[in-house]
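This report concerns only the one structure given below.
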There are 2 protein chains.
Amino acid sequence: MPTRQSRATKADPQTDAAIHAAIARAVMDGSLRAGTKLAEHRLAEIFGVSRERIRKVLHRLGAERRIEIIPNRGARVPQPTLTEIREIYEAHRVLEAGVLMALVPRLDEAILARLDAHLAEERAAAERGDRSASVRLSGAFHLLLVDAVGNAELSRILRDLLSRSSVMVSVYEPASQSICAVDEHGVIVDALRARDVAHAVALSAHHFQHVEQRLRLDPGPAAATDLEAAFRPYAPPKPTRARRAR
Amino acid sequence: MPTRQSRATKADPQTDAAIHAAIARAVMDGSLRAGTKLAEHRLAEIFGVSRERIRKVLHRLGAERRIEIIPNRGARVPQPTLTEIREIYEAHRVLEAGVLMALVPRLDEAILARLDAHLAEERAAAERGDRSASVRLSGAFHLLLVDAVGNAELSRILRDLLSRSSVMVSVYEPASQSICAVDEHGVIVDALRARDVAHAVALSAHHFQHVEQRLRLDPGPAAATDLEAAFRPYAPPKPTRARRAR
DNA sequence: CACTGGAAGAATGTGCACATTCTCTGGAAT
DNA sequence: ATTCCAGAGAATGTGCACATTCTTCCAGTG
């Protein structure tokens, strides 16, 4: 009997990890706005894989709290309330206090040099008005701090928290302002260099509260986004014929 | 109105959540020892559900890092190295420092009363030599601390961390000693009552280091455990006839 | 005109069959 | 005797078909 389709032409064009990363990134960077429905069938068509593959990825994203899954009702990009967002930021602030306390005793010149280099990058991005780079770098600053402690578990937890707060920035953050003022990062590094734990912690807390205060009060429109447009840069290695957008 | 009878007659004997909880608990409390293979087919028979159901639960447990999944090679109870365990404990210690700093400013009599009541429970368990209760309560103490902050996200993160360190206790902890000395918990509460943040943090760090030092250096035997025996208390609504273990 | 009931269509959930990969055993060659 | 290889058996991965549930829309009634 004839084989259905020799999918043996090549190994899976889209591996699970690739699809997972694509959707996670689209959710994180705001390409998919809060409230967007993530229908299994449509995603399967877009990525050119079976629905089961999409289904598995979606469930994993749900377990990671990156998307919201309601039984029998599918997956959506989460639309967090302002209270939930403040909780995320507060959690980040509380945990970073512990990170700073653990970091000070093990500071060395190499770590301080890396932080200085990062601050220079941030300033450069701010000066040339590159908002995209600024957002990315300001998040990376906090990751740099936790990575300096040298505990993989800590890094994983904080990285996860940061990636989830990124989702929310796209909903609540006014687009005209940068997320983290580079000056505030600079003074934290200064306090670290002086081995002043209490001051570093206080500056960090103050910094996070600044960010929280900048959040808009209205959630903005919860309109859905076109799935195909969001995933166009990713991977249709499938010669799909033109499809009309409804 | 004809009520749905399909659910009534065929009533899912085991819901996904129940199976998930059963396996997670078995892994956490040591009923399944490190290295035990979790074969899909056998679990499906034991719980009396289809293999797909087990498969989904297993993948979710893997995403939560509660079990270890190797592609094409199945799921196993993780057997962490001593270094990984120390990282978990260190992470917990670092994060709890932040929690204590956030907790002190919002301490009130109600919280202190809850902590006191918990300490009394711990002492009672210790006095009657109930090791099982002692282990459970000593973990609950740290959850009580983070819950008192009132941030659900923080509670979730620390709860997850604690549940994962519980796995390791069963591997590395000598059975004759209790996990957390109740005295050490008591002095932490004393420092909190005095609003002495620095002291509370120092005591907490000292406490965690105590626990770390108690860990045995040899991982002990990595023998597998009989799956059916571990899950006998759970889930056999199976009218299956007796089956002999091969 | 508003509201309820229900049917049709669509989306999600599940079991099954088959494909792929791995493990284990037995035998032959060095 | 040890090592390597091949084949059988078992376990995992995947696509498909069907069952269940939800949404939507429309007809009928008060």
Side-chain angles (χ1 to χ4, degrees), chain A residues 1-20 23 35-63 67-77 224 227-228 237-238 243 245-246, chain B residues 1-20 23 35-63 67-77 224 227-228 237-238 240 243-246:
Chain A
M1 65 180 182
T3 49
R4 298 293 301 172
Q5 62 174 16
S6 59
R7 84 176 183 85
T9 49
K10 266 304 179 282
D12 307 313
Q14 294 294 355
T15 180
D16 288 3
I19 298 175
H20 176 94
I23 298 179
T36 303
K37 179 89 183 290
L38 297 170
E40 300 175 353
H41 185 60
R42 293 204 55 196
L43 288 172
E45 275 190 347
I46 290 172
F47 283 99
V49 299
S50 74
R51 190 166 71 91
E52 319 304 312
R53 190 83 59 97
I54 297 291
R55 164 174 270 276
K56 190 169 67 175
V57 170
L58 249 38
H59 276 278
R60 182 170 162 205
L61 286 166
I67 64 175
E68 183 183 359
I69 292 184
I70 306 174
N72 291 322
R73 293 184 59 178
R76 308 184 82 91
V77 179
L227 286 183
E228 295 184 356
K238 186 179 77 169
R243 155 187 330 279
R246 75 162 187 83
Chain B
M1 285 306 151
T3 54
R4 59 204 62 189
Q5 60 183 12
S6 58
R7 183 177 293 271
T9 53
K10 293 197 153 188
D12 305 315
Q14 293 296 346
T15 179
D16 287 4
I19 298 175
H20 176 96
I23 298 179
T36 304
K37 179 88 184 288
L38 297 169
E40 300 174 353
H41 184 61
R42 292 204 57 197
L43 288 173
E45 276 190 348
I46 290 173
F47 283 99
V49 300
S50 74
R51 192 166 69 90
E52 320 302 312
R53 190 82 61 95
I54 296 292
R55 166 174 270 277
K56 190 169 66 175
V57 170
L58 250 36
H59 276 278
R60 181 167 164 210
L61 286 166
I67 63 174
E68 182 183 359
I69 292 184
I70 306 175
N72 291 322
R73 293 185 58 179
R76 310 184 80 91
V77 179
L227 286 182
E228 294 185 356
K238 60 174 181 181
T240 315
R243 110 181 26 261
R244 105 183 96 240
R246 71 162 177 79

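In what follows, every heavy atom counts, from backbone to side chain, and hydrogens, waters and symmetry copies are set aside. Order of the sequence lines sets the chain letters (A, B, ...), proteins ahead of strands, with each chain counted from 1.
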Which atom of A:Arg53 lies closest to which atom of A:Ile19, heavy atoms considered: CG-CD1, 4.2 Å
A:Glu52 CD - C:dA19 P separation (whole Å): 17 Å
Proximity to the side chain of B:Ala39 - top-ranked nucleotide from D:dG15, D:dT12, C:dT12: D:dT12
Closest contact, heavy atoms only, B:Ile69 versus B:Gly62: CD1-CA, 4.1 Å
Listed nucleotide nearest any side-chain atom of A:Arg55, set C:dG15, C:dT14, D:dA11: C:dT14
Sugar-phosphate only, base, or nothing, as touched by A:Glu40 at under 4.0 Å among non-hydrogen atoms: sugar-phosphate
Interatomic distance, A:Arg51 CZ vs D:dA19 C1' [rounded to whole Å]: 12 Å
Min side-chain heavy-atom separation A:His59-A:Lys56 under 4.5 Å: no
B:His59 NE2 - D:dA11 C1' separation (whole Å): 13 Å
Distance in angstrom units between A:Ile19 CD1 and D:dT14 C1', rounded: 13 Å
Closest contact, heavy atoms only, B:Ile67 versus B:Ala75: CD1-CB, 3.8 Å
Atom-pair distance (CZ on B:Arg60; P on C:dG13), nearest Å: 13 Å
Under-4.0 Å side-chain N/O to phosphate OP1/OP2 contact, B:Lys56 with C:dT14: yes
Rounded interatomic separation in angstrom, taking CD1 from A:Ile70 and P from D:dT21: 17 Å
Under-3.5 Å N/O pairs linking protein and nucleotides 21-23 of chain C:
residue, atom, partner, partner atom, Å
C:dT23, OP1, B:Arg73, NE, 2.7
C:dT23, OP1, B:Arg73, NH2, 3.0

Between CZ on residue B:Arg55 and CD on residue B:Glu40, distance to nearest 0.5 Å: 4.5 Å
Between P of C:dT20 and CZ of A:Arg53, the distance in whole Å: 13 Å
d(NE2, A:His41; P, D:dT23) in whole Å: 19 Å
A:Ile23 side chain reached by A:Leu58 side chain, heavy atoms, under 4.5 Å: yes
Contact summary for A:Arg60 and B:Ala63, nearest pair of heavy atoms: CG-CB, 4.3 Å
